[in-house]
Participant: 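Structure in structure tokens, see below.
Convention: sequence-line order gives letters A, B, ...; per-chain numbering from 1.
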Amino acid sequence: MTENANTMASESQNAAPVIHVSPSPHLSNQALTTQRIMFDVVIGLVPVVLMALYVFRLYAVKQLAICVISCLLAEALFTKMRGRALSLKDGSALVTGIILALSLPGTAPWYVGLIASVVAIGIGKAIFGGVGMNLFNPAMVGRAFVMIAFASVLAAGGYQDAGSTVDAVTQATPLDSFKQTGAVTPLFALFFGLTNGSLGETSALACLLGGIYLCIRRTASWEIPAGVILSVVVLGGIANLANPDTGWTVLHHLLGGSLLFGAFFIATDPVSSPMTPKGKFIFGIGVGALIMLLRIFSGYPEGVMFAVLLMNALTPLINRWTIPRPLGAQ
Amino acid sequence: MAATVKEFGGSGTFKHGVHPPERKHFSEDIPIEVIPSPKKVLMPMLQHVGAPSVPVVKAKDVVALGDIVCKSGGFVSVPHHAPIAGKILKSTVTTLPNGRHVQVIPIKADGEQLEGQALKDEIIGGEWPLDSLDQYDRQTITEAIAKAGIVGLGGAAFPAHVKYTPNDEKPVDTVLINGCECEPYLTPDYRVMMEATQAVVAGAILAGKAAGAKDIIIGVEDNKPEAVKALRQAAADTGVKVALLQTKYPQGSEKQLIMAVLKREVPLGGLPLDVGVAVSNVGTASAIARAVMRGKPLTHRVVSVTGSGVRNPKNLLVPIGIAYRELIEYCGGLTEDAARIISGGPMMGFAFANLDAPVTKGTSAMTVLTAEDVRKADETACIRCGRCVDACPMNLVPTKIALASRAKDVDLAQAYHIMACFECGSCAFTCPASIPLVQLIRTGKARVMASQRK
């Protein structure tokens, strides 16, 4: 006992280092954290946000502010209710807020963004067990809720405000005007995004810029957008061949609506998409196929949201179907 | 620098893997030094894969350097020899860094010891005439390897003679000598390749002869150009080839090495033997040369004492059984911010705190890291980013296995091929959520094995 006390005393005198044991590996890639991944998504969203601000002006500012603030507050509220440590720092609520805002029309009244945010965080994420546990893309859960609860606001007509001072908002959305009147928006306008629509979806260029950044950083897996685009090209091509005189070509399908925004920013949510490269590709193909099915045969002009939610539900199954073959296995 | 492995069928690398910081600079350019002969060594009876060795000495016996202390305990087992001259003490038990409690035979130094340069010359120095190797036939070589108690010096400590014993069912066509040393910090293999180049080449040729192999290839990562140059020079006109491999962790793992050089897949649960290959570390090759050409057992090995937690990092030639404490003391002691002591390298090594534990035949290094080196963010939830899937050299889904292990779901863990994991740590190194994947998988494996015993 005394000997123990002595060694302890002498140890503290020499300030001997405290040696911990722990299982290997003893090194970790400190530059890569969940926070950093979320921050990457925000960087990837910058071109999209800038374009939204340019096209929709104050509408975009208002919707982004409402959704981001409500998502952060909802996250704080729900983590506190669950008695967990506050997790705002990981940035996942921020990402959900931005993506949700970008998927809504700027014209939607303030309470729509607020309710969508609370549902996204609460029902989309918190009840599943918080970040990483949710089955569905939270932003899409929130959006689906308000789309059904406030049908008129999120229906095609809700996007339009003839008396607005912002040009884009006075027009109908490209997909809607095609569905209603057969009018085809020029590809140029779809590519640069000078059209009406949800805040983040109008500019194909901005989505490509941000999306490619995410794929290069491997924050988004390229297999998913590749799958989506491939299946839209194939199915859109078939639709085109079947109905050659509509003027709404494969390229219109690709550049119009929220296809690219959905392919690069929504379908690529890692939590609600499969784990393996093969699974991701299958998931992308499925999303693309469902989008085309909804666009062509359903009453809605657009189908990205429902396509992603449906494929989210299949993710656990896809994961089980695509367990990779280990090196050396038969 | 183009990898020159095309002629063997491989691409020079393997799928997935990671790039941890290399940090070889601490010790790579420091020549091997001989540690002063210790007053006492502890010779563990189980420091290899297989059956424990059986003591052939008793307390108070006097042994000379190289005398046998324990004999082999079976076919997959090896004898151990006295690394110093001295007196046998009563056997006792100690805990090795890997957590195993083992019987040890203490030897107290007594009488005159072979030390310093003389010892270094005796173990790795001097001439290794490559033109004299014709005189050894297959059986002589295998017997010498078995008698010398040689195990894999890369860390796994698998008895070497097992690989080289002629096997008619599974003939070996290629002997691969592993000079990859993909673990960060570690430099013992590099120093052996630089300072005992001839011995490595001689050992490679002997191993090739023992196995009856037609190709003998030394695989080295392209971050060691000096070693490649030296080996190529020494191996000129011998038929031994040097394959340059891409620097990537875990290139030095047997299965990944075979894939990179020969493009052959070792079956799950199988051995390199199943695809006609025998793999030995460069240190093992030099020990084989010594056993065959000089008739000497494995009594010493090269160990790196390295890392930012060591005052004067060195590469040391040490007797097997010396206490880690003597290594660190000879290297100036720990720095004030030392926080973790590892037997081996930082990716697969074992952290330990009992400095009186002995160095074993499989000990390649003592790596000491500082708190800054091992700093790790708090664990957060898995967001299924798939980075572990991209990192896993065995093509597994580590997070799913870890999750199944955490949930004690043995069937799910096996559905995700938990037993294929060899715990290289690539997944946990990469994980942005700092999930202790390897630890979880290890406990899961233990659970699977327990369920199979039932």
Participant: For Tyr324(B) and Phe352(B), I'd like to know if the aromatic rings sit close, meaning centre-to-centre distance below 6.0 Å.
Facilitator: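 So the answer is yes for these two rings.
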
Participant: Quick one: what part of Thr219(A) sits under 4.5 Å from any heavy atom of chain B, side chain, backbone, both or neither?
Facilitator: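 Thr219(A) touches chain B through backbone and side-chain heavy atoms alike.
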
Participant: Need one label for Leu412(B): side chain, backbone, both or neither, based on atoms under 4.5 Å from any heavy atom in chain A.
Facilitator: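 Interface part for Leu412(B): side chain.
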
Participant: Identify which of Cys388(B), Ala420(B), Ala339(B) forms the greatest number of heavy-atom pairs closer than 4.5 Å to chain A.
Facilitator: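 Sorted descending by pairs with chain A, the first entry is Ala339(B).
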
Participant: Side chains of Thr322(A) and Lys278(A) only: does a donor on one sit below 3.5 Å from an acceptor on the other?
Facilitator: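 Side chains of Thr322(A) and Lys278(A): no pair found under 3.5 Å.
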
Participant: Answer yes or no: does atom CZ of Phe306(A) have more than 12 heavy-atom neighbours from other residues, nucleotides or ligands under 6.0 Å?
Facilitator: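 Result for CZ/Phe306(A): enclosed.
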
Participant: In terms of side-chain geometry, is the basic nitrogen of Lys24(B) or Glu183(B) positioned less than 4.0 Å from the acidic oxygen of its partner?
Facilitator: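 Salt bridge absent between Lys24(B) and Glu183(B).
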
Participant: Has Ser231(A) got a side-chain atom pairing as donor or acceptor with Ala289(A)'s backbone, closer than 3.5 angstrom?
Facilitator: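 Such a contact is found between Ser231(A) side chain and Ala289(A) backbone.
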
Participant: With a 4.5 angstrom heavy-atom cut-off, could you sort out which part of Arg325(A) is near chain B: side chain, backbone, both or neither?
Facilitator: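 For Arg325(A), backbone and side chain are both near chain B.
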
Participant: State whether a side-chain donor-acceptor pair under 3.5 Å links Thr187(B) with Ser304(B).
Facilitator: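 The answer is yes; a qualifying pair exists.
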
Participant: Counting only N and O atoms by type, is there a donor-acceptor contact under 3.5 Å from the side chain of Thr268(A) to the main-chain atoms of Ala220(A)?
Facilitator: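 The answer is no, because no donor-acceptor pair under 3.5 Å joins these two groups.
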
Participant: Please state whether the side chain, the backbone, both or neither of Ile341(B) comes within less than 4.5 Å of a heavy atom of chain A.
Facilitator: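 The answer is both parts of Ile341(B).
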
Participant: With chain A as the partner, which of Thr380(B), Asp390(B), Val374(B) has the greatest number of non-hydrogen pairs under 4.5 Å?
Facilitator: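 So the answer, after comparing Thr380(B), Asp390(B), Val374(B), is Asp390(B).
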
Participant: So, is the end of the Lys248(B) side chain (NZ or CZ) under 6.0 Å from the ring centre of Phe14(B) and within 45° of the ring's axis?
Facilitator: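 Yes, Lys248(B) sits over the ring of Phe14(B).
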
Participant: Counting only non-hydrogen atoms closer than 4.5 Å, does Thr367(B) touch chain A with its backbone (N, CA, C, O), its side chain (CB onward), both, or neither?
Facilitator: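 Neither part; nothing is under 4.5 Å.
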
Participant: For the pair Tyr185(B) and Asp373(B), evaluate side-chain contact (heavy atoms from CB on, under 4.5 Å) and give the outcome as yes or no after the intermediate values.
Facilitator: CA-CA 12 Å; Tyr185(B) 293 89; Asp373(B) 294 329; 4.0 Å; yes

Participant: Looking at Val21(A), Ile19(A), Thr276(A), which has the largest count of heavy-atom pairs under 4.5 Å with chain B?
Facilitator: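 Option with the greatest count: Ile19(A).
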
Participant: Is it the backbone or the side chain of Asp90(A) that comes under 4.5 Å from a heavy atom of chain B, or both, or neither?
Facilitator: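 No part of it gets close to chain B.
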
Participant: Do you know which of Gln439(B), Met348(B), Arg340(B), Arg375(B) has the most heavy-atom pairs under 4.5 Å to chain A?
Facilitator: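 Sorted descending by pairs with chain A, the first entry is Arg340(B).
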
Participant: Do you know which of Ala371(B), Pro184(B), Gly386(B), Pro267(B) has the most heavy-atom pairs with chain A at a distance under 4.5 angstrom?
Facilitator: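 Winner by heavy-atom pair count: Pro267(B).
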
Participant: Less than 4.5 Å to any heavy atom of chain A: does that hold for the side chain of Cys382(B), its backbone, both, or neither?
Facilitator: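 Backbone only.
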
Participant: Taking every heavy-atom pair that is under 4.5 Å apart, which of Ser272(A), Ser221(A), Gly132(A) has the most such pairs with chain B?
Facilitator: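 Option with the top pair count is Gly132(A).
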
Participant: Of all of Arg442(B), Lys255(B), Lys15(B), which one pairs up most often with chain A through heavy atoms under 4.5 Å apart?
Facilitator: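 Ranked by heavy-atom pairs under 4.5 Å with chain A, first place is Arg442(B).
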
Participant: Could you tell me which of Met259(B), Lys376(B), His19(B) has the largest number of non-hydrogen atom pairs under 4.5 Å with chain A?
Facilitator: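 Among Met259(B), Lys376(B), His19(B), the one with the most close pairs to chain A is Lys376(B).
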
